[in-house]
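Just so you know, ligand 1 is whichever comes first in the structure, and atom 1 is the first atom listed for that ligand.
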Amino acid sequence: MRIAVVGASGRMGKALIAAILDTDGATLSGAIEREGAAALGQDAGSLVGQPSMGIALTDDPLPVFAASDAVLDFTAPEATLHYAELAAQARIVHVIGTTGMSEDDDQKLNAAARHAAIIKSGNMSLGVNLLAVLVKQAAKALSADFDIEVLEMHHKAKVDAPSGTALLLGESAADGRGLNLQEDGVFTRHGITGPRPEGAIGFATMRGGSVVGDHSVLFAGPAERITLSHHAEDRSLFARGAVKAALWGYGKKPGRYTMQDVLGLADSN
Ligand SMILES: NC(=O)C1=CN([C@@H]2O[C@H](COP(=O)(O)OP(=O)(O)OC[C@H]3O[C@@H](n4cnc5c(N)ncnc54)[C@H](O)[C@@H]3O)[C@@H](O)[C@H]2O)C=CC1
Ligand SMILES: O=C(O)C1=N[C@H](C(=O)O)C[C@H](O)C1
């Protein structure tokens with residue numbers, strides 16, 4: 001399967017190239033960066049410490065998309081919307097890891113998904129997607145006096161908050177409790193906040209250093225506390241998940257899919 005990478009010289013872009021090179025049945029079909037990026041013209045293989053492979057980073061996506069079966073996209077919301085249009089035109093699988101996208105952005109992705117398969121998740125790892133299933137089960141099983149808080153920590157260069165994963169876990173908790181995260185989520189606290197609202201799902205965000213991604217969901221009840229956690233040690237786990245998603249999506253009908261579909265966890269929900 002021919003797989004292209006957009007945002008190729010980013011932290012995830014490099015991990016994605018390395019994962020494609022490491023996967024049987026996957027071939028790197030192109031590596032795209034934004035106009036003006038310092039890495040344009042560099043060889044994709046050398047960029048990830050492999051032998052040169054004759055694929056230079058380019059800012060022209062059209063010929064690359066035309067020669068690809070899928071594109072892996074861990075960039076930024078505006079770029080992802082642009083690539084969704086191009087992937088829809090080329091009828092290729094679009095795997096989206098980009099976080100920080102709005103409701104409005106999501107509607108635009110729905111329009112693109114009428115023409116091509118889109119697989120989008122705030123976290124492409126098996127561990128986090130399994131954690132999401134466990135969080136939903138715990139939220140359902142525990143009575144409402146177990147307060148739910150989602151904690152996350154990431155590296156200091158991360159630009160969006162809460163993380164896509166924290167939101168995914170918050171949605172799972174809300175589903176389990178029959179709540180609506182938009183209405184019941186508490187995303188900031190400062191000053192005299194008053195007591196915790198009944199049924200709230202709270203979020204706490206930490207940023208610093210080189211942390212790849214730590215997430216915990218706490219269920220704080222009367223005299224006891226349950227914590228479900230995931231710690232990402234390396235970006236390769238997200239990249240392997242994204243390549244797996246592309247292989248899974250090949251030949252699927254146009255539409256929206258998630259990592260839960262790819263991993264066969266959707267029925268556990
Ligand atoms: N869903 C998941 O499993 C994961 C999602 N992410 C998300 O992936 C995104 C990227 O994260 P990082 O790699 O850490 O960021 P980064 O800033 O290192 O990389 C982003 C890259 O995209 C490039 N880019 C921006 N606009 C572009 C355009 N129009 N065309 C082509 N390239 C463009 C940038 O130049 C940069 O190289 C973030 O939204 C992050 O939250 C990160 C890790 C895992
Ligand atoms: O920006 C990151 O680095 C990560 N982003 C994703 C998120 O927002 O949850 C996934 C992972 O935690 C790393």
In the protein, which heavy atom is nearest to atom 1 (O) of ligand 2, and how far is it?
-> K158 NZ, 2.9 Å
Do any N/O atoms on H154 end up under 3.5 angstrom from N/O atoms on ligand 2?
-> yes
Considering only non-hydrogen protein atoms, determine which one is nearest to atom 30 (N) of ligand 1 and report residue, atom name and distance to 0.1 Å.
-> Y83 OH, 2.5 Å
Could a heavy atom of V159 be found less than 4.0 Å from some atom of ligand 2?
-> no
Distance-only N or O hit between ligand 2 and H155, under 3.5 Å = yes
Counting heavy atoms only, which part of L168 comes closer than 4.0 Å to ligand 2: side chain, backbone, both or neither?
-> neither
Considering heavy atoms of the protein only, find what lies nearest to atom 9 (O) of ligand 2 and give residue, atom and distance to 0.1 Å.
-> T165 OG1, 2.5 Å
Is S29 reaching over with its side chain to a backbone N or O of A4, donor-acceptor style, under 3.5 angstrom?
-> yes
Using the side chain to side chain donor-acceptor pair (under 3.5 Å) rule, take H215 and S229 through it: C-alpha gap first, then chi angles, then the decisive distance, then the call.
-> CA-CA 6 Å; H215 293 91; S229 295; over 6 Å; no
Min over E78, E33, H82, K120 of heavy-atom distance to atom 35 (O) of ligand 1 lands on E33
Nearest protein heavy-atom contact for atom 6 (C) of ligand 2: which residue, which atom, what distance?
-> G122 O, 3.6 Å
Distance under 6.0 Å and angle within 45° of the ring axis: does K252 meet both against W248?
-> yes
Indicate yes or no: does an N/O atom of S121 lie under 3.5 Å from an N/O atom of ligand 1?
-> yes
Backbone or side chain, does any N or O of G122 fall under 3.5 Å from an N or O of ligand 1?
-> yes
Aromatic ring pairing F203/F187, orientation class (parallel under 30°, perpendicular over 60°, tilted between) = parallel
Minimum heavy-atom separation for A232 to V212, with atom names?
-> O-CB, 3.5 Å
Between D160 and K158, is there a salt bridge with N-O shorter than 4.0 Å?
-> yes
For atom 9 (C) of ligand 1, the option (of T99, V159, I96, T75) bearing the nearest heavy atom | T75
What is the minimum heavy-atom distance between P61 and L86, and which atoms define it?
-> CG-CD1, 3.6 Å
Rounded to the nearest 0.5 angstrom, the CD-OG1 distance for E35 and T58 is 10.0 Å
Hey, are the side chains of L28 and I17 touching, using non-hydrogen atoms and a 4.5 Å cut-off?
-> yes
Hey, is H215 touching ligand 2 through its side chain, its backbone, both or neither, going by heavy atoms under 4.0 Å?
-> side chain
For atom 7 (C) of ligand 2, the closest protein heavy atom turns out to be G164 N, 3.4 Å
Quick one: which ligand 2 atoms are inside 4.0 Å of a heavy atom on T99?
-> 7 (C), 8 (O)
Would you mind running through ligand 1 and noting each atom that sits below 4.0 Å from a heavy atom of M12?
-> 13 (O), 42 (C), 43 (C)
Hey, is ligand 2 close enough to F238 that some N/O pair sits below 3.5 Å?
-> no
Counting distance only, does the side-chain N/O of N129 pair as donor-acceptor with the main-chain N or O of L126 below 3.5 Å?
-> no
Would you tell me whether S143 and D145 have side-chain atoms, one donor and one acceptor, within less than 3.5 Å of each other?
-> yes
In ligand 1, which numbered atoms sit nearer than 4.0 Å to a non-hydrogen atom of M124?
-> 2 (C), 3 (O)
Under 4.0 Å from a heavy atom of A79: give me the atoms of ligand 1 that qualify, with their elements.
-> 26 (N), 27 (C), 28 (C), 29 (N)
For atom 20 (C) of ligand 1, closest protein heavy-atom neighbour | F74 O, 3.9 Å
among protein heavy atoms, the one nearest atom 19 (O) of ligand 1 is G10 CA, 3.3 Å
Measure from the ring center of H94 to the ring center of H115 and say whether it is less than 6.0 Å.
-> no
Which one holds for F238 and ligand 1: side chain close, backbone close, both close, or neither close, with close meaning a heavy atom under 4.0 Å?
-> side chain
4.5 Å side-chain heavy-atom contact, T98 and D73 | yes
Residue, atom and distance of the protein heavy atom nearest atom 27 (C) of ligand 1 read R34 CB, 3.5 Å
Pick, from G213, A15, G97, A245, the option with the minimum heavy-atom distance to atom 7 (C) of ligand 1.
-> G97
Flag the pair E149 and R225 as a salt bridge only when some basic side-chain nitrogen lies within less than 4.0 angstrom of an acidic carboxylate oxygen.
-> no
Can you check whether A19's main-chain N or O pairs, donor with acceptor, with T23's side chain at less than 3.5 Å?
-> yes
Atoms of ligand 1 close to K158 [distance to a heavy atom under 4.0 angstrom, numbered from 1] | 41 (O)
Taking atom 16 (P) of ligand 1 as the reference point, the nearest protein heavy atom with its distance | R11 NH2, 3.6 Å
Could you tell me whether R196 and D147 have a side-chain N and a carboxylate O separated by less than 4.0 Å?
-> yes
Output the list of atoms in ligand 2 that are nearer than 4.0 Å to some heavy atom of S163, sorted by atom number.
-> 7 (C), 8 (O), 9 (O)
